[in-house]
Structures are given as structure tokens and as C-alpha cells.
Engineer: 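Dumping the structure here so I can ask a few things about it.
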Amino acid sequence: MSQANQTTASTAVDVARTLSTKRIKHNRVTEVMGELDTLIYPNSQDSILLVCGPTGAGKTTLSRVMVDSALEKGVSQMQANGGVIPAVYVEAPSSGENNFSWKLFYHRILTQLGDNLNVPKMLYGVDEQTGRVVRPKGMNGNSLAALRTAVERGLRERQVQFLVIDEAAHIIRQTRGNQRLEIQLDTLKSLANQCGTQIVLVGSYDLYQLVSLSAQLARRTHVLHFERYRDDRPEDVKAFESCVALFEKTLPNLWEKGQLRRYTKELLENTLGCVGTLSSVLIRAAKLAEAAGSWSVSSLERALLNEAQRNRILEEIIDGETAIGPSFTRMMPKTKRAVV
Ligand SMILES: Nc1ncnc2c1ncn2[C@@H]1O[C@H](COP(=O)(O)OP(=O)(O)OP(=O)(O)O)[C@@H](O)[C@H]1O
Ligand SMILES: [Mg+2]
């Protein structure tokens with residue numbers, strides 16, 4: 001073990017922090033973001049887009065990157081008009097109740113919309129000091145209808161181009177029967193249409209499976225597949241190896257050049273080609289190295305998913321890929337088609 005691999009307790013804490021805050025730019029993110037960029041534009045017919053992928057693929061990270069990047073791009077627009085917010089990220093609440101709590105959900109959106117601008121807060125009955133929704137005089141500001149109106153106006157006034165709803169399966173899972181399912185999605189669709197805001201629903205494959213329970217919904221929503229890197233596709237193996245190399249580069253004091261990369265095959269197999277899972281494994285490995293006082297391959301071995309965990313995730317992935325796969329192969333042929 002060389003000097004470069006020696007790690008003290010204090011540096012290893014930084015190591016874990018550095019790893020967890022560093023975002024690796026990888027092919028899948030670029031692909032999905034590119035497709036979303038193309039599909040998000042004023043007056044688009046696709047008012048609801050679905051981004052589905054395996055657990056640990058990095059969907060939440062992608063969602064945040066997308067919103068951050070829209071805010072960066074919209075900076076001049078925001079400078080010209082302090083009220084503009086081009087994109088909003090919100091996580092659908094899991095309230096523990098049988099039915100999805102639209103109130104809680106609208107509150108969350110209002111919190112994201114509520115800062116910095118006095119006018120809408122007054123109109124919408126959001127307390128300027130606390131940012132909490134208050135009951136305006138003469139009406140029940142906390143009623144579902146008032147919250148919905150506030151959200152609609154907020155999205156419109158803020159000129160929100162797209163709203164990302166992470167963990168979107170919560171909205172549909174807490175629903176009984178196909179009819180209710182359609183009502184939930186219709187509620188979102190009408191929100192989108194009222195405000196000119198496109199909605200991007202993000203979730204694991206269960207979201208896709210829930211949506212495809214209804215033929216009507218399946219037909220009306222465009223699905224983007226945030227796939228894992230597969231070990232049976234050479235281009236995926238190569239892309240995954242680049243991810244490993246990027247993580248390795250993040251911590252030159254812990255990992256010498258090539259030290260992680262040589263385990264690409266094992267890491268791909270263990271993490272099932274999911275970059276988020278890879279990140280979690282590497283953070284754990286760094287922490288274990290911290291406890292051991294120095295880096296060794298045994299820290300990495302102990303950080304890997306165990307067989308039971310891996311099998312459970314693999315089952316879900318296979319089910320999801322099987323469900324989502326056929327339409328995708330039909331819709332996205334490998335050969336380029338001429339644009340007519
Ligand atoms: N591109 C990336 N670069 C660095 N770290 C990443 C990247 N993508 C994901 N991660 C990290 O991996 C972990 C899991 O990622 P994330 O939460 O985005 O996955 P997910 O697909 O949303 O998972 P879940 O289905 O469980 O919600 C997070 O700690 C995140 O910081
Ligand atoms: Mg997530």
C-alpha cells in the first residue's frame with residue numbers, strides 16, 4: 001500500500017462528503033436530459049412526461065440537475081423579472097394515509113414558489129415571514145380549492161416551464177381502481193394545461209406499471225426510460241467504466257489511477273449498472289477504509305451489495321425492463337431515420 005492510499009480519520013470524513021456531493025456527468029443523464037430538453041417547449045402537446053428507471057439509477061439526481069440547469073439557463077430572464085422561476089422540483093408526499101394528500105402536495109409546491117416575491121404571497125395568502133400558507137380574510141385559504149388556485153396562479157405567474165414531481169408513484173399508489181387513477185392523472189394534466197407548465201413525473205418502474213394499468217393513461221403519457229448500464233452491451237460497459245474512472249478521479253488521495261477501474265466488471269455486476277448504487281457502494285467503501293485507517297480492496301468487498309439485496313433489485317429491474325421494453329424497441333430503432 002503506497003503513501004497515497006494512507007487515509008486518516010479526518011481525511012476520510014471529507015472523502016465521504018466529497019463523494020456524496022460530487023455529481024458525475026454520465027451518458028444516461030446526458031441522453032435523458034437531451035430528450036427532455038427536446039420535449040419541453042411552450043405549447044407542447046406532451047403535458048405529462050414520465051421518467052422511469054431502476055432504483056439507484058440516479059433519477060432524483062437527474063431531476064435536480066435538470067432543474068438546476070434550467071435555472072442557470074434562465075438566469076437573464078430571472079434577472080429581468082425577479083418573479084420568474086423556470087423550473088420547480090418537488091417530491092410527492094407519502095402521507096401514510098390511504099388517499100394521496102393533494103393538500104400536502106400543493107403546500108409543497110407553494111413552498112417552492114413562495115420565496116422572494118411579495119405579490120403572489122399576498123394574493124395567495126402565504127405568510128411573508130414564515131412562507132406558510134395562511135387563510136386569507138374572507139375565504140378558507142387552506143381549503144383544497146384555495147390551494148389549487150394558489151398553485152395554478154403561482155405556476156402561471158412564475159412562468160414555470162416545467163414541474164418535476166419525484167417519487168410520483170405516491171400519487172397513484174395511494175389510489176384505488178383504474179377510474180380513480182385516471183382522475184389523479186387528469187388532475188395533474190389539467191394543472192399543466194391551466195398553467196402552461198409541463199409536468200415531469202419521475203419514479204421507479206412501479207410508476208410505469210401503475211400508469212400502464214390504464215390504457216387511456218398509457219396512451220396519453222410519453223415515457224422516457226432512464227436505463228441502467230447493461231453488461232451485455234459493450235457501449236454500456238464502456239460508459240460505466242468511465243463513471244468508475246470519474247469517481248476514482250474525485251478522490252486521488254484515496255484511489256490511485258486505475259485502482260478502482262480495474263474492478264469495473266465486478267462493480268457493474270454488483271451494482272447492476274446503476275450509477276447511484278455505485279456511488280453508495282463507493283461512499284461505504286471510503287467510510288470502511290476510514291475505519292480501517294487505510295484503503296484496501298477488502299473495504300470495497302465489504303461495501304458491495306449482498307446477494308439478497310442484489311437479487312431483489314434485479315428482480316424489479318427485470319420486471320420493469322420487460323414491461324417497458326417492447327414499446328421502446330419499437331419506438332427507438334437503432335438505425336437512424338431520415339427526418340421528413
Ligand atoms: N451522477 C451522479 N454522480 C454522483 N453521485 C450520484 C449520481 N447519481 C446518483 N448519485 C448518488 O447516488 C445516490 C442515489 O441516487 P439517486 O437518489 O439519484 O437515485 P434514484 O434513482 O433516485 O434512487 P431511488 O429509486 O431509490 O429514488 C445518491 O446519494 C446520489 O447522490
Ligand atoms: Mg429517487
Side-chain angles (χ1 to χ4, degrees), residues 13-34 36 49-69 88-94 108 163-173 200-211 223-230 236 239-251 254-255 260-261 264 267-268 270-287 300 303-305 309-310 312-321 323-324:
V13 171
D14 292 341
V15 152
R17 194 178 305 132
T18 309
L19 261 184
S20 55
T21 49
K22 175 88 185 165
R23 282 170 180 169
I24 301 295
K25 197 169 177 229
H26 60 97
N27 286 7
R28 278 297 179 270
V29 172
T30 314
E31 283 163 15
V32 177
M33 274 186 56
L36 282 168
L49 297 161
L50 225 65
V51 177
C52 299
T55 179
K59 302 177 299 296
T60 298
T61 307
L62 166 95
S63 309
R64 291 192 178 276
V65 170
M66 249 183 75
V67 170
D68 289 352
S69 130
V88 168
Y89 168 92
V90 70
E91 191 182 307
S94 174
R108 284 196 182 175
L163 166 71
V164 179
I165 306 175
D166 199 3
E167 299 294 350
H170 290 161
I171 303 180
I172 343 189
R173 203 183 288 129
V200 184
L201 300 179
V202 178
S204 301
Y205 289 124
D206 57 348
L207 174 64
Y208 178 76
Q209 281 156 350
L210 285 167
V211 169
V223 184
L224 291 90
H225 193 184
F226 187 172
E227 263 190 294
R228 64 186 170 127
Y229 292 106
R230 294 173 53 143
D236 278 15
F240 188 81
E241 185 174 15
S242 305
C243 295
V244 176
L246 284 171
F247 277 117
E248 185 184 86
K249 248 192 189 160
T250 313
L251 296 171
L254 185 67
W255 294 310
L260 272 187
R261 203 172 174 160
T264 297
L267 285 167
L268 176 58
N270 185 259
T271 63
L272 298 157
C274 296
V275 171
T277 308
L278 172 68
S279 156
S280 308
V281 164
L282 295 180
I283 291 171
R284 248 189 330 267
K287 295 286 281 178
L300 184 58
L304 294 173
L305 298 181
Q309 290 171 307
R310 189 184 167 278
R312 183 70 204 94
I313 300 172
L314 181 60
E315 261 172 44
E316 253 179 49
I317 289 179
I318 306 264
D319 283 354
E321 286 178 347
I324 217 169

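Numbering of residues begins at 1 and proceeds along the displayed sequence. All ligand and atom numbering here is 1-based and tracks the order in the structure.
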Engineer: Can a cation-pi geometry be assigned to R28 and Y229, taking NZ or CZ under 6.0 Å from the six-membered ring centre and within 45° of the ring axis?
Structural biologist: yes
Engineer: Using a strict 4.0 Å cut-off to heavy atoms of S204, name the atoms of ligand 1 that fall inside it.
Structural biologist: 25 (O)
Engineer: Give me the residue, atom name and distance of the protein heavy atom closest to atom 1 (N) of ligand 1.
Structural biologist: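 The protein heavy atom lying closest is I24 O, 2.8 Å.
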Engineer: Between V281 and A303, what is the shortest heavy-atom contact and its length?
Structural biologist: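 Closest heavy-atom pair between V281 and A303: O-CB, 3.4 Å.
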Engineer: Measure the distance from atom 17 (O) of ligand 1 to every protein heavy atom, then report the residue, atom name and distance (to 0.1 Å) of the closest one.
Structural biologist: T60 CB, 3.8 Å
Engineer: Identify the two heavy atoms, one from L272 and one from R228, that lie closest to each other, and give their separation to 0.1 Å.
Structural biologist: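 Reported closest heavy-atom pair: O-CD, 3.1 Å.
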Engineer: Note the single closest protein heavy atom to atom 23 (O) of ligand 1, along with its residue, its atom name and the distance in Å.
Structural biologist: G56 N, 3.1 Å
Engineer: Tell me: protein heavy atom nearest atom 26 (O) of ligand 1, and distance?
Structural biologist: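 Among all protein heavy atoms, the one nearest atom 26 (O) of ligand 1 is T55 OG1, 3.0 Å.
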Engineer: Which heavy atom of the protein is the closest neighbour of atom 20 (P) of ligand 1, given with residue, atom name and distance?
Structural biologist: K59 N, 3.4 Å
Engineer: Taking all non-hydrogen atoms of both residues, which atom of T55 and which atom of E316 are closest, and how far apart?
Structural biologist: CG2-OE1, 4.2 Å
Engineer: Answer with yes or no whether F247 contacts ligand 1, where contact means a heavy atom under 4.0 Å from a ligand atom.
Structural biologist: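 The answer is yes: ligand 1 sits under 4.0 Å from a heavy atom of F247.
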Engineer: Could you go through H26 and F247, starting from their C-alpha distance and side-chain angles, then the distance that decides it, and tell me whether this counts as ring-ring contact (aromatic ring centres under 6.0 Å, His included)?
Structural biologist: CA-CA 11 Å; H26 60 97; F247 277 117; 8.7 Å; no
Engineer: For E167, is the nearest heavy atom under 4.0 Å from an atom of ligand 1?
Structural biologist: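 So E167 counts as touching ligand 1.
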Engineer: By number and element, which atoms of ligand 1 are closer than 4.0 Å to a non-hydrogen atom of H26?
Structural biologist: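 Atoms satisfying the 4.0 Å criterion: 1 (N).
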Engineer: Quick check: does S204 have an N/O/S atom under 2.8 Å of the Mg ion (ligand 2)?
Structural biologist: no
Engineer: Which protein heavy atom lies closest to atom 11 (C) of ligand 1, and at what distance to 0.1 Å?
Structural biologist: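 Checking every protein heavy atom, the shortest distance to atom 11 (C) of ligand 1 gives S279 OG, 3.4 Å.
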Engineer: Return the CD to SG distance between E248 and C243, rounded to the nearest 0.5 Å.
Structural biologist: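 Rounded to the nearest 0.5 Å, the CD-SG separation comes out at 12.5 Å.
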Engineer: Who's the nearest protein heavy-atom neighbour of atom 13 (C) of ligand 1, and how far?
Structural biologist: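 Sorting protein heavy atoms by distance from atom 13 (C) of ligand 1 puts G276 O, 3.6 Å first.
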Engineer: Any side-chain donor-acceptor pair under 3.5 Å between D166 and Y89?
Structural biologist: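 A donor-acceptor contact under 3.5 Å links the two side chains.
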Engineer: Tell me, which protein residue and heavy-atom name are nearest atom 18 (O) of ligand 1, and how many Å apart are they?
Structural biologist: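 Answer, as residue, atom name and distance: T61 OG1, 2.6 Å.
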Engineer: So is there a nitrogen or oxygen of A57 less than 3.5 Å from a nitrogen or oxygen in ligand 1?
Structural biologist: yes
Engineer: State, yes or no, whether a side-chain contact exists between V244 and L268 at a heavy-atom distance under 4.5 Å.
Structural biologist: no
Engineer: Under 4.0 Å from a heavy atom of R23: which atoms of ligand 1 are those, numbered in the order shown and with their elements?
Structural biologist: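 Listed by number with element, the hits are 3 (N), 4 (C).
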Engineer: Could you report the tightest heavy-atom contact between C52 and Y208, atom names first, then the distance?
Structural biologist: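 Heavy atoms only, the tightest pair is SG-CB, 3.6 Å.
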Engineer: Rounded to the nearest 0.5 Å, how far apart are NZ of K25 and CG of N27?
Structural biologist: 9.5 Å
Engineer: Could you tell me whether K25 approaches ligand 1 through its side chain, its backbone, both or neither, with non-hydrogen atoms closer than 4.0 Å?
Structural biologist: neither
